[in-house]
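Chain letters run A, B, ... following the sequence lines, proteins first, then strands; residues in each count from 1.
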Number of protein chains: 4
Amino acid sequence: MAKEFKTSKPIYLQIADHVFQKIIREELKPGDKLPSVREMAVLMGVNPNTIQRTYSEMERMGVVETRRGQGTFIVENSEIITELKQTIQLEVISSFVKKMKDLGFSKEEMIANLKSYLERGEK
Amino acid sequence: MAKEFKTSKPIYLQIADHVFQKIIREELKPGDKLPSVREMAVLMGVNPNTIQRTYSEMERMGVVETRRGQGTFIVENSEIITELKQTIQLEVISSFVKKMKDLGFSKEEMIANLKSYLERGEK
Amino acid sequence: MAKEFKTSKPIYLQIADHVFQKIIREELKPGDKLPSVREMAVLMGVNPNTIQRTYSEMERMGVVETRRGQGTFIVENSEIITELKQTIQLEVISSFVKKMKDLGFSKEEMIANLKSYLERGEK
Amino acid sequence: MAKEFKTSKPIYLQIADHVFQKIIREELKPGDKLPSVREMAVLMGVNPNTIQRTYSEMERMGVVETRRGQGTFIVENSEIITELKQTIQLEVISSFVKKMKDLGFSKEEMIANLKSYLERGEK
DNA sequence: GTGGTCTAGACCACA
DNA sequence: GTGGTCTAGACCACG
């Protein structure tokens, strides 16, 4: 399916993002089973080691849990998802604000420039 | 002085960013001489080779020029500053937008969330 | 094998030229894998860092791409070969013309002298 | 007069070329006196050390001779000039031919490509 | 003194 | 295994 990866970011994290987006779009819901490591490896066209890392990372983040002999599942606790989204968003925004401030932009300019970027058309 | 670097980004690029910010803040102006490779290495607490790489990269970007046996200088072309600011800003904003989009936010939400973050007080 | 380098030009660029020639002669084709950094270092009798630099430079020129953990490959784009040949040829010719002009030769003399050299038999 | 130098070639050699061209154009003839090192340094806007090197190099090539207490002069032997021109030209042409051959061009192509380059307009 | 190149050897993330 | 980064220390041409 998706065989092209950016070179700038580790593939295992790109795949995690991919799964994470499916969760956000509710294509994957709490309790759903993820494909096995081997299946996913074939699906994504990568080495199983890479998927293993993806699953480990997602488990570390508390998004996913592995049940011995059964597979990997989205955690039942649905709050974790929204919490996670909040946390990541906060990081993204505060990092953005910091960088723009370093460039010498005021709060108003940040918003204005963001708007004009979005209006110029997305990518 | 500045001896702490993030682990995620190469040190030689972090130092380049550091110089760029000085340029943007006009602490460094067109024609100014940068510290010699060896001096800068001591200042930043890294190996001279690392600074060498920083300077090479900045020269490749057209921000800096080396004059044989004399040192490394900010290019005389004064447009470079605004160009640099534009380029960096574009990177920052597009990266922000991409990440927010991945989190499932619409354009309107991005702006709204940024506003509310800024109103809550900066960090 | 090839252990002799000119002193005038950086070794890492001489090795790049060496690879370019293999590409032009089609001993290396789009998609082909280059020797690993360490292998090439042994082959050319230089330090791995030097090869690293060669590969970086070639990637910056768009001739080569690296795939994480797999190695360095000639880019798939097959136009690259003709482009490369064009670019190098342009450099060679314009450098030649410049030098001959500095020696005080007119265009007609350049051509005439080149012809007579070629007719005397190549070296 | 000439204060801009290419970064690719040592300044002391660029100045030697400059003098050499004057000789070819007969603005400087055998027996003529060159400006003193200090004068020339001011003229070219460089460090006297650099001119010193230029003169040494030209003396090594047999184009120039220094007479103690009098200065630096173009050698009286006028053959040396034409010989020198011949030698350099031979180097330039044979190097050009070698490089073009490496690129896979036949003799006819070398001439044809040189012609078309020259017709496209000089720089 | 300046930047540019190179070696030797190390550690790292990634696949 | 792969490439990418970094340190330590050296030599060079140039000004």
Atom-pair distance ([atom1] on [X]; [atom2] on [N]), nearest Å:
X       : N      : atom1 : atom2 : result
A/Glu57 : E/dA15 : CD    : P     : 13 Å
C/Asn47 : F/dA8  : CG    : C1'   : 13 Å
D/Lys9  : F/dG15 : NZ    : C1'   : 18 Å
B/Arg53 : F/dT7  : CZ    : P     : 11 Å
B/Ile51 : F/dT5  : CD1   : P     : 15 Å
C/Ile11 : F/dC11 : CD1   : P     : 16 Å
B/Gln70 : E/dG4  : CD    : P     : 13 Å
C/Tyr12 : F/dC12 : OH    : P     : 19 Å

Inset, instruction - Select from D/Thr50 and B/Asn49 the residue whose nearest nucleotide in DNA chain F is closer to the 5' end of that strand. - result: B/Asn49
Are OP1 or OP2 of [N] and a side-chain N or O of [X] less than 4.0 angstrom apart?
X       : N      : value
B/Thr72 : E/dG3  : yes
C/Thr66 : F/dG3  : no
B/Arg68 : F/dG15 : yes

Inset, instruction - Among A/Val64, A/Val63, A/Leu34, A/Thr72, find the residue that satisfies the side chain to side chain contact (heavy atoms under 4.5 Å, CB included) test when tested with A/Val19. - result: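 It is A/Leu34; the other options fail the test.
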Legend entry - Pair of N/O donor and acceptor under 3.5 Å linking E/dG1 base with B/Arg38 side chain: no
Inset, instruction - Please evaluate the base of F/dG3 for a donor-acceptor partner in the side chain of C/Gln52 within a cut-off of under 3.5 Å? - result: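 Counting by modelled atom types and ignoring angles, no donor-acceptor contact under 3.5 Å is found here.
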Inset, instruction - Assign B/Arg67 to base, sugar-phosphate, or nothing according to its heavy-atom contacts below 4.0 angstrom with the strands shown. - result: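 Result for B/Arg67 = nothing.
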Inset, instruction - Would you classify D/Val46 as touching base, sugar-phosphate or nothing, given that sugar-phosphate means primed atoms plus P, OP1 and OP2, and contacts are heavy atoms under 4.0 Å? - result: nothing
Legend entry - Contact nearer the 5' end of DNA chain E, comparing A/Pro10 with B/Pro35: B/Pro35
Inset, instruction - Write down the partner of E/dT7 under the Watson-Crick or G-U wobble criteria, each distance required to be under 3.5 Å. - result: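 Base-paired to F/dA8.
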Inset, instruction - Determine yes or no for a side-chain-to-main-chain donor-acceptor pair under 3.5 angstrom, with D/Gln52 supplying the side chain and D/Val37 the backbone. - result: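 Not at all, since once roles are kept as given, no pair shorter than 3.5 Å links the two residues.
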Legend entry - Exam field: side chain D/Gln14 to backbone D/Lys9, donor-acceptor pair closer than 3.5 Å: yes
Inset, instruction - Kindly give the heavy-atom pair with the smallest separation between C/Glu65 and C/Val75, and that separation in Å. - result: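 For C/Glu65 and C/Val75, the tightest heavy-atom pair comes out as N-CG1, 4.0 Å.
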Legend entry - Value rounded to 0.5 Å, distance of CG in C/Asn49 from OH in C/Tyr12: 13.0 Å
